Amino acid sequence: MSTIKLLLAEDDELLASLLNFRLKKGGFDVAICTDGKKIKEYLKDNTPDIIVSDIMMPYFSGLEITDYVRNTLKLDIPIIILSSAGNEENILNAFKLGANDFLSKPVSPAELILRLKKELTNKVI
Amino acid sequence: MDNGVFNIILDYINIVFFVFTVVLFTFFTLMGYLSTRNSLHYKDKNSFGDLSKVMASPLAPSITIIAPAYNEEMTIVENIRSLLSLKYVDYEVMVVNDGSKDDTMQKMIDAYDLEKIEQRIDPNWKSKPIRGIYKSKHRSFAKLTVIDKENGGKSDALNTGMYLSTNQYVGCIDVDCLLLPDALLHVVKSFYQQTEKRVIAVGGVIRVANSCVINGGALEQINLPENLLAKFQLLEYTRSFLLGRMAFGWLDSLLIISGAFGFFDREIALAVGGYDTNTVGEDMEIIFRMRRYMVENKLPHTIEYIPDPLCWTEVPESRKILINQRDRWSRGNLETLYTHKEMFFNPKYGRLGLLSYPYWFFYEWLAPLLEFFGFFSIILFYYLGIINLPFFIAITSVIYMYSIMFSLYAILWEVFSYNQYNKTTDILKLIGCALIEPFIFHPIVVFAAVRGNYKKLFKIKSGWGTITRKGFAKAT
Amino acid sequence: MKLPTLNIYSLVKAPLIHQDLIWDLTFLFGGLSVVYFSCIFYYKSKLKKHNVDKAKRKKELTPLVSEFLFYNEKEGSLPEKNSYINKKIEIRELLKNHKNKAVLTEILLDLKIDVSGETRLVLFKLYRDLHLDEYAFECLHSFKWVKVARGMFQLTQMQATEYYGFISKFINDRRPVVREQAEISTVTLLHEGISYFLDNTKYKISEWQQLKILEVLTNLENFDPPRFYKWLTSKNKYVVLFSLRLIKHYDQNDGEKSIITLVKHKDAQIKKEAIHCIKKFNFTNSRKQLKAVFWKNKVDVKIAILDTLAEFGFEEDIAFLETVENKESNFLVKSKAISSINSILPGTVVPTENIEVLTPEENSSIKVNIKEETLKVDLTEEEEEIIEHILTEREVGIIDDNSIQTKGSKSSVFESLFNFCDLETKLFMIDQMVEIGSKKEALFLQTLIDHGNKAVRKRALQVKLQLEKSVDLLENGIDYEQNETTAKKEDVEVKIVENVNVLLRDNEIQVIHNTQLKSLEFCFLKEEVVVPKPFDILEVEFHMDTLKPFISKERQETEGFNNVVEANGGLTKDERNFFNKYLEFPNSSKDKFNG
């Protein structure tokens, strides 16, 4: 299997760098964007295989990004949403907009990897 | 008239003036010192720990936010949305439509899918009649209650909210204010931290939102106001909130909480009868009354003040609206001071009577009047040729220097505590404002204060007539 | 001054103000202004430098931290192991600098908030490995209270339980911030911390502090709370208050006597909290006590008492409530008394003011509207989605439902409970049906559309519409015809029952029947009494019935002849039927409600 291109959208640089490290170790090719604008720019030129996105971000929230990917770009790549508050409304909205999975913060990196793998295998099937 | 006697009188006037100035200097220096201590203490105390975890605690108190609305059809829907998204669990947003003449009520009904609910109302209802109480049909807006009542002014609208609320604390805010998501957590913390005394009210700093980027009810970027008047007001707010209130807070002698962001222990607020509907300075007056109530009933109490920037509002950018606002403030000030005149140097009220009240009397009410008459007597004396010119120049320059020093200290403190204006040019602009303020902004404020006092003292009727519209005639 | 009366004037002559002094002051203030001016910019640049420096250090340290956190000894190859050891040496070297220590601590504290699972445990280990705990521990000896508190905060966040002994000593520290942090730390670090704290604290516990401690407790893993009634005898008033709140939060219904006694406490807050506990645990023995202390209290306590009586009051409390209604001057208390009477005996006090009189036509028009609405099943897209979401989430629950229903009676499990409970519970049950209901509930709801209470009718209709929709989704098309016939059958059954009720309505028995309309907890309470020994029930009944006249009223109260006697005394045939239904009632249904 070739390396999987993963877009990590997270405004907390510390967590982003930590997850980046773990994901790279797990064999992913990671691109980090720290705000909504950068994500949209990145998506113009690249198509990742999977997206991991925080909800609360400057400029565009994770929900808006999900909407953008699904409805503007019309891409069917798996999206996993991260959010600090277990806000029910956010979760429902995320799923409604087409997110594939949801992880609440604090995040367990090991769990994130497992979920990523699950989503990717689902997609292959 | 005897020339010698006249000279002596003039000399005494000079002395009175000098003493007044010296007392003022001492007082303000002391204020700077106390606020510094309080700020440092506050900063250290809150430098660690996390507030947001406790928002869903079963012990967290219930809060009602009362937002009176009068002819706000343009902004009401957005403003409510921002109020509904605060970080807290057990709170209710109660919008009181104070008999708006525009489409405010219908806008709310449409946007939030409101329906009338039935509720028993006290037969001895003291406020203006209620037309209906509305709740949203949607679960996601369960926190919202809208009360439609007949017009009775801001105080009456706030009282209605207080009577109908069943929660422990009520917050009275201006509906066009922007509250940061953490606001209620800070408020609860302030109410709940004391053990010795009962916290009867919590107030906070009001920040200037002009030229800031606000998006979807959230503050995205903080900018220095572009408008000159707004800049002056920013400087003024920084001085009074960061230094003035902080110092009074440290001494536990706060006598005012801004009407735009004030939270009350509902039980006490109702015990004193809520807001006074006959004054234009209701936000100040209710604090006077609550404090007096507590002192007279020998109940240990305090008022907390939160210096964190939680409430943002747009200040008037046009001179006319500004003058109207200040005019109203000085009338309110006069009315409140007059109503509670027994407190003046009354040791029974402790620091409130010996320090706070005199401060309000001399420096908030009397000083602008003295300045105004001083200015004209100087001109008069000059024409009469009896002015002691060197003394006049000396005392003017010392006052000017002091005011600049004080403003600079306030700016320094702003940088030290929150540093929200990152650009160096912004700070330089603010300093520039401090230099020219005594010539441009200050006269406007003094004029407004004199006008307000004149209206109140000589044309009482016109003063009363404006009551129903007060507080709502705010520029947005 | 050239006048002859010179000496008089010299007496009143104003003292001279030295103008030089004024100018000196001007220069002083000018000088200070310059000082402040430079301070502003000095401080600003310092702040900027500090932030840049911190960012630089963070950049340097963060990759190292990641490396350590995800290093796996077993999987690592030899070069990896070597690089790991080298990096360990590198970071040790870096940590000789105090600034680096502070920054690294900050990084770890931030990460602790962000990560969970095993990584978090590795993080705690790393904190100790790098001896940062010792650095924090040094702070505990500082003279500055901020430093002490911050040190404790860090050790607590990093679960450094070995410092529990040191930290717990600070819970009676003179400095408030230190004390408060010590309390939080003590409770967080070890499970027995809360006991130690409640035993030893001498200071007042602020509301905020109680809130935070409870928050800590609820986040402790596998925490087995001690029995908090032990602290109800504490000398510290605040410990008593906090214990009451903890008792309520952790549902510890032992210590009934102590709690009831606290209703007489001098402090209004403790009183109120005790009343809340009584209400929650249905300590019906307290009724006499509550009524006795009522008049001396402030409005909020009075309302709490009335609220509690509404919860589990009996017919004999009505007289008291009526006295309250007549004597009390406060409107809120008065209306609470009325609502309490109504919840004990529904329909006793009806609204009299501003009631519109409906003409027969109006009445019928409402009915027509309802019928039309039943045909239209209009759910918004959003609602549909939510229902779908709920259904997929609760797949397991639905399977459970079926098994219960096959075991149980043919009708809805709600039905038997429904007739026994008060209005609020009825509405609550109907709401519950949205989530866990199936076809049977839909049928049951159909019968409720003709219910005597408007609120019930309305809610039943709403829920039924939603339910039908969801059932439809679940079973791919429901056979409406068949339903209708069964519905009709049900209808007939209900009509019969209702006729019986109508016949009974004017009878005295009706009153007794009404007292049995209890809140949800109470329904289950009875169920628990009844279910384990199904065949004893009538005997017990009989026994009680015969005994009752011989026991004086006081004894009944003091010896705890409470709800069971009251509720079951004098069963009618109709009610016995209900009990018979209970006997068949599956046990597991209770779990279903709670779940």
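Quick caveat: nothing in here was measured; it's all calculated off a predicted structure. Within every chain, numbering begins at 1; the chains are lettered A, B, ... in the order of the sequence lines, protein sequences first and strands thereafter.
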J.: With chain C as the partner, which of B:W413, B:F25, B:F191, B:Y400 has the greatest number of non-hydrogen pairs under 4.5 Å?
T.: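 The candidate making the most pairs under 4.5 Å is B:F25.
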
J.: Of all of B:P61, B:A60, B:S57, B:A434, which one pairs up most often with chain C through heavy atoms under 4.5 Å apart?
T.: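 With the most close heavy-atom pairs to chain C, the winner is B:S57.
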
J.: Measuring heavy-atom distances to chain B, does C:K298 have an atom under 4.5 Å in its side chain, in its backbone, in both, or in neither?
T.: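 When you check distances to chain B, only side chain atoms of C:K298 fall under 4.5 Å.
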
J.: Where on C:Q154 is there a heavy atom nearer than 4.5 Å to chain B: the side chain, the backbone, both, or neither?
T.: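 No part of it gets close to chain B.
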
J.: Which bit of C:I184 is near chain B, if near means a heavy-atom gap under 4.5 Å: side chain, backbone, both or neither?
T.: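 When you check distances to chain B, no heavy atom of C:I184 falls under 4.5 Å.
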
J.: C:L21 versus chain B, heavy atoms under 4.5 Å apart: side chain, backbone, both or neither?
T.: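 When you check distances to chain B, only side chain atoms of C:L21 fall under 4.5 Å.
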
J.: With a 4.5 angstrom heavy-atom cut-off, could you sort out which part of C:Y238 is near chain B: side chain, backbone, both or neither?
T.: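 Contact with chain B is through the side chain of C:Y238 alone.
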
J.: Between B:F18 and chain C, with a heavy-atom cut-off of 4.5 Å, which part of the residue counts as in contact: side chain, backbone, both or neither?
T.: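 The answer is the side chain of B:F18.
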
J.: With no hydrogens and no angle check, do the side chains of B:N46 and B:K189 hold a donor and an acceptor under 3.5 Å apart?
T.: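 Yes, because at least one side-chain N or O of B:N46 sits under 3.5 Å from a partner of the opposite role on B:K189.
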
J.: Got B:F416 and B:L40 here, is their nearest side-chain heavy-atom distance under 4.5 Å?
T.: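 Of all side-chain heavy-atom pairs linking B:L40 with B:F416, at least one is under 4.5 Å.
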
J.: Heavy-atom cut-off 4.5 Å, strictly under: side chain, backbone, both or neither for C:L214 against chain B?
T.: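 Side chain only.
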
J.: Taking the side chain from C:R245 and the backbone from B:L59, do they hold a donor-acceptor pair closer than 3.5 Å?
T.: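 The answer is no, because no donor-acceptor pair under 3.5 Å joins these two groups.
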
J.: With only heavy atoms counted, which part of C:Q210 is less than 4.5 Å from chain B, the side chain, the backbone, both or neither?
T.: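 Both backbone and side chain of C:Q210 come within 4.5 Å of chain B.
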
J.: Nearest 0.5 Å please: distance from the CD atom of B:E414 over to the OG atom of B:S407.
T.: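 Answer rounded to 0.5 Å: 13.0 Å.
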
J.: Is it the backbone or the side chain of B:V22 that comes under 4.5 Å from a heavy atom of chain C, or both, or neither?
T.: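 Neither part.
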
J.: Taking B:D265 for the side chain and B:E267 for the main chain, is one N or O donor matched with an acceptor at less than 3.5 Å?
T.: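 Pair found, side chain donor or acceptor close to backbone of B:E267.
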
J.: Can you name the closest pair of heavy atoms from B:S47 and C:V146 and give their distance?
T.: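 Nearest heavy atoms, B:S47 then C:V146: OG-CG1, 4.1 Å.
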
J.: Using non-hydrogen atoms and a 4.5 Å limit, figure out which bit of B:I431 sits close to chain C: side chain, backbone, both or neither.
T.: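 Contact with chain C is through the side chain of B:I431 alone.
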
J.: Could you tell me which portion of B:I393 (side chain, backbone, both or neither) has an atom closer than 4.5 angstrom to a non-hydrogen atom of chain C?
T.: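 For B:I393, the contact with chain C is made by backbone and side chain together.
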
J.: So which part of C:F41 gets closer than 4.5 Å to some heavy atom of chain B, the side chain, the backbone, both or neither?
T.: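 Looking at C:F41, just its side chain touches chain B.
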
J.: Quick one about B:E304 and B:Q193 (side-chain donor to acceptor, distance below 3.5 Å, no hydrogens or angles considered), yes or no?
T.: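 There is no such pair (donor and acceptor under 3.5 Å, judged by atom type) between the side chains of B:Q193 and B:E304.
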
